[in-house]
Amino acid sequence: MSNSASAPTATQQAATLLTAAGDVTLVAHVQPDADALGSALALGLALRQRGATVRVSFGAPAQTPESLVGLDVAGLIVPPDQVPARPEVLVALDTASRSRLGCLADRIETADAVLVIDHHATNDRFGTHHLVDVRAEATAVLVLRLIDALEVPLNEPMARCLYAGLVTDTSCFRRADPSTHAVAGRLLAAGVDPEALTRALLDTHPFGWLPMLATVLGRAQLEPTSAQGLGLVHTTVRLADAAGLRGEEIESVVDLVRTTSEAEVAAVLKEIGPDRWSVSLRAKNRIDVSAAAAELGGGGHRLAAGLTADGTADAILDALRTALHNAPRLQAPAL
Ligand code: AMP
Ligand code: MN
Ligand code: MN
């Protein structure tokens, strides 16, 4: 809904910036998920179609997650050392703060312009231009608006990248209003095969996933009095549990743990080094876990957040119990 008499919208301002750019570097957050990488690739394809030189990158890991490789049909992804030291325009996607760019965070200072496209409640507006809408279910929705503003016709490779972000960030459309389904409808009309895409993204694991789940779920613990008496369920994934498995297998654990009916909050502590952990937090609808994560140096959304912490698993759990005790209550079911 544009109104030519009013100030340009953030989408229009972003489109103006990108229309003038001859060289654009698009970066996703570290350990990119489908929303971060799919959004970067879709926008990269659109800008390339307009004649710009584009590249897509992320700070870690060294390899593109296997389940996302099929999104990069044009080979836009380059390793971080091939990102220019002084990018003309840097676009950070699905990234709430500079530290989430890992080794590419220094380009925020050296780039001529930094466009931040994101939907995290904890976004701290680290760019020069911002297309941030916390009501958007996925960064992919904001990128579709931008592609429309750039007047690039949507094609199947772009739509596939955006659908990947939308389907994962809405937990397979569990959280979706009519406008979300309207966006999905446009993406399907552009030719996306939802079954093939979601099978590769969400429903494919090696056999070793099953014994890993048996171990990790077998040590889950339920604390009915934690999280303000609403219940906390937690488990750990140790490096030894995850040996030989991909990130996709490890990230899947929280989706099973969070189904526990007796717990409002689920936490999965994933060991990433000696006494170093990446923590995934999920809430059903009554506690703002992004506040608890932010308290501990992380961030995210009200119902899905995360953090990275040093210490023993027991010490991190203690800090988490306190942060959840102090976290704001949500009044109404939240998106
Ligand atoms: P995850 O549990 O990794 O799927 O992450 C859930 C949400 O929390 C995502 O929106 C992430 O952007 C955010 N998040 C995860 N880890 C961190 C972190 N270390 N710092 C800030 N935000 C995080
Ligand atoms: Mn993400
Ligand atoms: Mn997202």
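All figures in this text were calculated on a predicted structure; none of them were measured in a lab. Each ligand, and each atom within it, is numbered from 1 in the order the structure gives.
Atom CZ of Arg329 is surrounded by more than 12 heavy atoms from other residues, nucleotides or ligands within 6.0 Å.
Under the side chain to side chain contact (heavy atoms under 4.5 Å, CB included) criterion, Asp124 pairs with Ser97, Phe126, sequence neighbours left out. Qualifying side chain to side chain contact (heavy atoms under 4.5 Å, CB included) partners for Gln82, counting only residues two or more places apart in sequence or in other chains: Val78, Pro79.
Residues Ala111 and Leu90 come closest through the heavy atom pair CB-CB, 3.8 Å. Asp35 approaches Ala138 most closely through the heavy-atom pair OD1-CB, 3.5 Å.
Cluster annotation: Leu93 and Leu18 are assigned to the same hydrophobic cluster (Ile/Leu/Val/Met/Phe/Trp/Tyr, side-chain heavy-atom contacts under 4.5 Å, transitive). When the side chains of ILVMFWY residues are joined at heavy-atom separations under 4.5 Å, either directly or via intervening members, Val141 and Leu188 end up in a single hydrophobic cluster.
Within the protein, the number of N/O/S atoms found under 2.8 Å from the Mn ion (ligand 3) is 4.
Note: His181 and Phe173 meet the aromatic proximity criterion, with ring centroids under 6.0 Å apart.
Between His119 and His301, the two ring planes are tilted [angle within 30° to 60°].
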Are there any N/O pairs under 3.5 Å between ligand 1 and the protein, and if so, what are their distances?
residue, atom, partner, partner atom, Å
ligand 1, 2 (O), Ser280, OG, 2.6
ligand 1, 2 (O), Arg282, NH1, 3.0
ligand 1, 2 (O), Arg282, NH2, 3.2
ligand 1, 4 (O), Arg282, NH2, 2.9
ligand 1, 8 (O), Gly299, O, 3.4
ligand 1, 8 (O), Gly306, N, 3.0
ligand 1, 10 (O), His120, NE2, 2.8
ligand 1, 10 (O), His301, NE2, 3.4
ligand 1, 12 (O), Arg100, NH2, 3.4
ligand 1, 12 (O), His120, NE2, 3.0
ligand 1, 19 (N), Thr308, N, 3.4
ligand 1, 19 (N), Thr308, OG1, 3.0
ligand 1, 22 (N), Gly299, N, 3.3
ligand 1, 22 (N), Gly299, O, 3.4

